[in-house]
Amino acid sequence: MPVKLKTTNNRLQNRQPSSHGFFADVYDVVRQIPRGRVTTYGAIAVFLGTALSARMVGWAMNASHEAFTEVPAHRVVNRNGMLTGKHHFKTPSLMEELLLAEDIVIIEEIVQNFKEKFWDPSVEIGM
DNA sequence: AGCCTGACTTTGT
DNA sequence: GACAAAGCCAGGC
């Protein structure tokens, strides 16, 4: 694991808190995931400074369809590279199809070459 | 205000 | 190494 942020209740100071708090913060990060890469709920949580609440990231994804700008939620998987959120898409196969269109191969609901495809916001975006 | 629920993760058995 | 348990905390009711 890369940079471990100092965990406090506070979010990073140098980030612009979006107008609508936690959800929007999550969306901002997710939108920056490059095509063909994936990241994890936990990594996003760490980046936002709420390292202990990865579940909230998933919760935010659940509401991401209401975001004004499109959120590539299919690029977010769990720490094992598993497509745990696939059942929350329109169809169970949609998430896999979207990823496959970006040259990310899924076998048995697991992202292949996950380590190479992994995109860590704490590293790529920095702080 | 209080209880329940997670698209998670870590830790202990 | 598989399985269970428990933190986490914003929303919904």
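Please read these numbers as outputs of a predicted model, since none were measured by experiment. Numbered from 1 within each chain, the chains take letters A, B, ... in sequence-line order.
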Starting from [atom2] on [N], measure out to [atom1] on [X] and report it in whole angstrom.
X         : N       : atom1 : atom2 : result
Phe22(A)  : dG11(C) : CZ    : C1'   : 12 Å
Asp25(A)  : dC9(C)  : CG    : C1'   : 15 Å
Met82(A)  : dT9(B)  : CE    : P     : 12 Å
Glu109(A) : dC8(B)  : CD    : P     : 12 Å
Asn78(A)  : dG6(B)  : CG    : C1'   : 14 Å
Ile44(A)  : dT9(B)  : CD1   : C1'   : 14 Å
Arg75(A)  : dA7(B)  : CZ    : C1'   : 17 Å
His87(A)  : dG6(B)  : NE2   : C1'   : 15 Å

Are Arg75(A) and Glu102(A) within salt-bridge range, i.e. N to O under 4.0 Å? yes
Look at the side-chain heavy atoms of Ile, Leu, Val, Met, Phe, Trp and Tyr, link any pair under 4.5 Å apart, and say whether [X] and [Y] land in one connected group.
X         : Y         : value
Met95(A)  : Leu98(A)  : yes
Val105(A) : Leu83(A)  : no
Met82(A)  : Phe114(A) : no
Leu94(A)  : Ile104(A) : yes

Phosphate-side-chain proximity, Thr84(A) and dC8(B), N/O vs OP1/OP2 below 4.0 Å: yes
In this structure, which one of Val57(A), Val29(A), Ile44(A) forms a side chain to side chain contact (heavy atoms under 4.5 Å, CB included) with Thr39(A)? Ile44(A)
Sugar-phosphate only, base, or nothing, as touched by Ala73(A) at under 4.0 Å among non-hydrogen atoms: base
So, taking the atom named CH2 in Trp59(A) and the one named CZ in Phe22(A), what distance separates them when rounded to the nearest 0.5 Å? 12.5 Å
Among [options], which nucleotide has an atom closest to any side-chain atom of [X]?
X        : options                 : answer
Ala54(A) : dC9(C), dA7(B), dC8(B)  : dC8(B)
Arg79(A) : dT9(B), dC9(C), dA7(B)  : dT9(B)
Trp59(A) : dC9(C), dG11(C), dT9(B) : dG11(C)
Phe23(A) : dC9(C), dA10(C), dA7(B) : dA10(C)
Asn62(A) : dC8(C), dA7(B), dC8(B)  : dA7(B)

Could you list, one pair per line, each protein nitrogen or oxygen that sits under 3.5 Å from a nitrogen or oxygen of nucleotides 1-7 of chain C, together with the distance?
unit_1: dG7(C); atom_1: O6; unit_2: Arg55(A); atom_2: NH1; d: 2.9

